[in-house]
Structure formats: structure tokens, C-alpha cells
Amino acid sequence: MNTTEMLQPPPAMTSRLDGELMEVSMGPQHPSTHGVFRMNVALDGEMVVKLKPVFGYLHRNHEKIGENTSYLGSMPYTDRLDYFCSMTNNWAYALSVEKLAGIEVPERAEYLRVILAELTRLQNHASLLGFLLSDMGAWGTPLMYAFREREKILDLFESLSGSRMMCDYMRFGGCRVDAGPDWMERAKKIVDLFPKFLDEFEKLILSNEIVIMRTQEVGKLSAELAINAGMTGPMLRACGVNYDIRKVDGYGFYPRFKFRVPLGEHGDCYDRLMMRALEMHESVGILKQAMEQIPAGPVMNPKVKIRAFRPPVGEAYGRIEGPKGELGFYLISDGGTNPYRYRVRPPSFINLTVLEDLCLGHTVADVMVILGSVDIVLGEVDR
Amino acid sequence: MIGTGILKGMAVTARNFVGSYFEKDRLITVQYPEERSPLPENYRNFPFLIYDTDDPEAGLRCVACKICEKECPPQCIYIIKSEDKKPDYMGKPQFYAAVFDIDISVCMSCQICVEVCPFEAIKMDKVFELSKRERFDALLQRKNELAKSNEYYHSIHPIEAAEVDAKLAEAAAAAAKKKAAAAAATAAGSTSAPGTVPVAPAPPTTP
Ligand code: SF4
Ligand code: SF4
């Protein structure tokens, strides 16, 4: 058997027994469903002929709570959406409130936000790769390597914001506390060492024949479907669509940094996997530039009221390129202390809507790989 | 050749395995209850109430203004304001919290109560070993459990506490100056002609 033959997906199993389909309920308590996600899968032999996602096991009424609490009070709740990336969630929410109320953010705070968002992207992508590989059967090793790096970044978050995952760090008009020079030193060291981890990780896994066989040509997504389904983030870029909100909107100070947007070609699981690895390289580049350029100064706009904050009547939609895709918050204000409408556009949830299209015709074992490559966090899917 | 990728990966694993025994910066396991890694200055867990002097009852800075109760996102603070006023640690008569409870099974450590409190009366603690055998009453912290001294605050957040003390001292100095100015104004007002009495009556200096 030569390489190309080995790289082909297994031939479809023809159903010799003309029996009925078997329905399997995968999840919600399944180690590979990344939380409490359930799929009702109809199987013909080992092939998936139908797949119905079942959401809602982690529903916490986030949007309704947001409408019944003050603007500031929703900030800690956003940490709990995608609990891997609380910093970017904070940023997206702060951005939309700042748009709504027309608040300026000091320069240093904008730089800090970029630094923290890119660190978040690093740790999210690193742990995603680890999880994806452990879904594929590479139990432990890659995940532990990824978590080793993630832990360093979480330690940084902890010493800055006070909490590893529930950072609750950003505020309307800036950030809560300033990062001292020794924090910046530590962050620089970690960022400088990160490419070493990336090289090691790539050696460990990305040329591995088993990974290639399990991921190439699996779960292919066409650019057309991806656009129609409203997908964003690495999922969309893996299909070759050049759309990155950091470039399109240029929010924050992203236009000041030089970075490239990696693009895939086939839209299969392998491209999605590579997309994350390549994005981490770009993030390291952004981080280095940001840490070089960051000016001294205040991190909080002194004009913003903390207590009884009331934005003017109006509506605003703020969005950022989160590690998983476009994360947006849509707010309508009626001039009161609570938003009249509070809506989250969660990237994981919308990226998950094409799951059935990706899985049809593949085996059950591939479903886990495909789901892993979508990169979901159930806190955000169910809200 | 098929298999080289796998062998390369194995080499990485082997290097990491050996390295994990010899590289200093990778020997990071801490034997928890005996050894502890230090908590960062900014670490936060659950709120506590600060008292000055050494009276945990009268020294509380909290004046039961209920702002934190109102702003707390999951509504886990419960305050009953006192009917009467008692002299606080500075001798000024103030309302105080007759009941001040925080349900730490609901609290999500968001620090919003700390940010909104105008009196620097509530701060974040670093104690995390709070497991209890009983899950309702035991996790409801009462006023006497929440009250902790300013020295304790200095011991857990030295930098922040120093800033807070400086701010309070400044405010106290400003208040004293204003008081002195007001006293001078009243003294001046009583001696001058009736037409020049200050518009806003100066606050009484003694109760
Ligand atoms: S802790 Fe602060 S905000 Fe809360 S009631 Fe007391 S003084 Fe008011
Ligand atoms: S830390 Fe947050 S949740 Fe806890 S008491 Fe304070 S405001 Fe409420």
C-alpha cells in the first residue's frame, strides 16, 4: 500500500444486512463531546446517515440575566460563556457597551487588550489541538503538553486579574488594573518561549501519519456552505475564505500590527487543525509587536461612572475576532441601568450548525474528530 | 517513508520524559497541603469586611449603604440596616449593618462589590480552603465571620492596602481641613454683619 492509498478514507461500508438504522445517542455524558453536548446519530452499519445535535443541557439563561442586571453586572457573566477565553469575551462586551455609550479607551488599555486577547488565542488554540488529538486517541501526551503551556498563560492571567479563568478584567473604558513591569517581563519570556513549544508540538503531531489519515479529507466543508451558514473564525478560513474581523473591522489597535491571516484550501479537519497551529505563530508575532510598542499611561478612562452607569438610548453591536470566530454582543438601551435587549452572537453555536453536513457519510469514529475540529465550548453554545 | 512522522513524535516524547526528571524549571510539582505555591497579590476569592482599631463590631467601616447589595450580580449579599446610629471607629455616629450576610455558595468572586463600595469597607480575601460539611448555613457567612482587621488586609494585599490607606488618610485630612474651615466660617459669621452669613449653613461640629 503506498501513501496516497493509505491517505484515502476507508471505503464506504455497504449494508449487506438490509436491516434498519441504528440510533445512537452520543452524549451528553461522553468524554469527547467537550462538555454536555448530545448528538442523536442514525447509523447504517458504521456510517452516519443522520445526525441531530441536541443543545441546552448547560443553558443558564445568560441573555435574560443580562437584561435584568446592570451593564457592569453582566461583565462577570460573560466570563462564563466561553470559559476558555474569558478575556476575549470581556473585550467583546466592553466593546459593544463602549460603542453604545461612546466611550474612549486609553491607549495603554487598548494595547493590554490586544496582548491579553492574543494570549487567550494562544492558550485556546493550544488546548484545542490537545483536545482534538486526545479525541483521536492520542490520549494524554499532546493534551498535557498543551496544558503545560496553557498553565503558564493562565498564571499570567491570575497574577494580573486575580483569577485563572474567570478573569472579569475589562471594564467599560479600559481595564481594571494595570500590568506592572515585572508582569510584562514574565509575559515576554513566555511569548519568547512559545515558538519552541509550537515547533515541538508540530514535530510531535502534525507530520504523524495517523493524524494525517484521520483528518485529511474528513469533514470537508465547502466555502459556499460555510459562508451561507454564517461560519466565522478558523472554521471559515480553513475553507479558503479570507475573512478575519481583526483585518475587516480593524477594532482595537490591530491595524497597527503586521500579521498575516492563514488560509486553508480544502476545508477538511486537517486544514482546520493546521489553521490553529499557523494562527498561533501569527499571534506570537502580534504579541511581540504589542509588547514592544505598549506606551505608559492610564488604563482606565476616568470619566466613566462605575455606579449607576446609564448609556444613552440607542443600540450597538460590537464584535471581535475571538479564538473561535466572530463573537458579538448586541445591545439595545432604553436609557435605564439595564439593557433592554442583550444578545450574544456565539461563534461556537453558529459554527456547530453545519455539524450534520460535515458528518454525513463518515464513520462514528470520525464524528468525534469533526466535532473536535469545530472547537466548541458548551458554555457558549447553550449560554 | 511511512512511520517517520510517528518516530519523530516518539523522539519528542522521549526527550520530554527524560527532561522532566532533570530540568530544574520543569520540576514544578508542589506537595500541596505541606507545601504551597504563593498566591499572587491580585488573587481574589470571596469578599470580607474590614474593621479598623481592634473592635470587630464597632470598627467596621461598612455603613450599610447597601450599594454593594444592589450591584452584586448574583445578589448574594443580604444587609439589614440598623435603626439607630452608633459611633464608628472615628467617633462619628453612623448607621451600621445589623445583619450582613454573604452566601459564598452563590458569590462568583467578581469583585464588583469591592469596586462599588464608596467606603473601602469590603475587600477580597484569599482564603480558598472553605469546604464545609453542611451546605446551607455553613456556607452563609455572617457579619462576625466576615469581619477581618485592616492588618489582615495588609498581610494579604500589601500593595493595594497601602494605596487604600493612603487614600483614606488623604480623605480624612481633607475632611479635617474642611471641618476646620467650616468652623472658622461659623466663627467669622457670628461676628460679622447678618448680611454676610454663608448661604449653606456649616454642619454642626459636635453632635
Ligand atoms: S460594604 Fe460598602 S457598599 Fe456595601 S453596604 Fe457596606 S459601605 Fe455600603
Ligand atoms: S464578589 Fe461579586 S458575587 Fe461576590 S459578593 Fe461581591 S459582588 Fe457579589
Side-chain angles (χ1 to χ4, degrees), chain A residues 1-3 6-7 65-66 68-70 72-77 79-80 133 138 140-142 144-145 148 151-152 155-164 166-169 171 176-177 179-180 183 193 199-213 305-309 337, chain B residues 1-17 19-20 23 25-26 28-29 37-47 65-76 106-118 123-126 128 156-157 159-160 163:
Chain A
M1 207 193 259
N2 63 24
T3 324
M6 278 194 72
L7 295 181
I65 291 176
N68 287 302
T69 183
S70 63
L72 175 62
S74 289
M75 187 59 90
Y77 285 115
D79 293 338
R80 283 131 179 107
L133 290 160
T141 310
M144 286 303 129
Y145 288 11
R148 190 181 67 206
E151 203 56 36
K152 290 181 193 162
D155 278 349
L156 276 181
F157 286 177
E158 186 182 26
S159 60
L160 184 61
S161 73
S163 186
R164 294 164 73 249
M166 302 297 134
C167 299
D168 184 25
Y169 177 65
R171 289 288 178 261
R176 196 152 51 77
V177 281
W183 187 90
L193 286 178
D199 292 344
E200 185 186 82
F201 204 78
E202 279 163 21
K203 255 195 225 127
L204 177 70
I205 223 70
L206 293 182
S207 56
N208 188 310
E209 285 81 0
I210 303 174
V211 172
I212 292 175
M213 268 188 278
K305 279 212 304 192
I306 301 180
R307 287 186 288 270
F309 172 78
T337 51
Chain B
M1 196 186 80
I2 288 242
T4 41
I6 295 176
L7 287 178
K8 256 195 237 162
M10 293 286 198
V12 172
T13 321
R15 211 169 31 246
N16 269 285
F17 173 70
S20 68
E23 282 170 32
D25 57 330
R26 297 189 48 187
I28 48 170
T29 307
S37 35
L39 291 171
E41 152 98 21
N42 284 346
Y43 179 80
R44 63 188 147 92
N45 202 9
F46 293 117
C65 68
K66 295 202 181 193
I67 290 174
C68 56
E69 185 189 39
K70 195 161 144 266
E71 294 279 343
C72 170
Q75 299 281 296
C76 65
V106 176
C107 173
M108 57 182 185
S109 311
C110 65
Q111 209 175 355
I112 283 181
C113 49
V114 176
E115 277 165 57
V116 298
C117 176
K123 294 288 166 200
M124 294 310 269
D125 207 343
K126 284 191 178 178
F128 54 87
I156 56 171
H157 297 291
I159 301 171
E160 192 189 287
E163 277 168 18

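Just so it is clear: chains get the letters A, B, ... in the order the sequence lines come, proteins before strands, and each one is counted from 1.
- For the set A:L160, A:T337, A:T69, the entry with the most heavy-atom pairs within less than 4.5 Å of chain B is A:L160.
- Counting heavy-atom pairs closer than 4.5 Å to chain B, the top residue among A:R80, A:M166, A:R164 is A:R80.
- Between B:C117 and B:C68, the closest side-chain pair of non-hydrogen atoms is not below 4.5 Å.
- Ranked by heavy-atom pairs under 4.5 Å with chain B, the list A:S161, A:P76, A:P142, A:G162 is led by A:G162.
- Chosen from B:K126, B:K70, B:K8, B:M108, the residue pairing most often with chain A at heavy-atom distances under 4.5 Å is B:M108.
- Contact tally against chain B (heavy-atom pairs below 4.5 Å) for A:I210, A:N68, A:V177, A:L72: the top residue is A:L72.
- Counting only heavy atoms from C-beta outward, the side chains of A:W183 and A:S159 approach each other to under 4.5 Å.
- Between B:F46 and B:C107, the shortest heavy-atom contact is CD2-SG, 3.5 Å.
- For a residue to count as touching a neighbouring chain, one of its non-hydrogen atoms must lie under 4.5 Å from one of that chain's; by this rule B:C113 does not touch chain A.
- The greatest number of non-hydrogen atom pairs below 4.5 Å with chain A, out of B:I67, B:N16, B:N45, B:V116, is found for B:N16.
- Between A:E200 and A:R148 a salt bridge is recorded (basic side-chain N to carboxylate O distance below 4.0 Å).
- Proximity of a side-chain donor or acceptor of B:H157 to a complementary backbone N or O of B:R44 within less than 3.5 Å is not detected.
- Within the 4.5 angstrom heavy-atom criterion, no atom of B:E41 approaches chain A.
- Looking at A:F201, there are no atoms closer than 4.5 Å to chain B (heavy atoms on both sides), in backbone or side chain.
- Put simply, of A:I65, A:D79, A:D168, the one with the most heavy-atom pairs under 4.5 Å next to chain B is A:D168.
- To the nearest 0.5 Å, the span separating CZ on A:R176 from CD1 on B:I112 amounts to 9.0 Å.
- From A:E158, atom CD reaches atom CG of B:L39 across 7.0 Å, with rounding to the nearest 0.5 Å.
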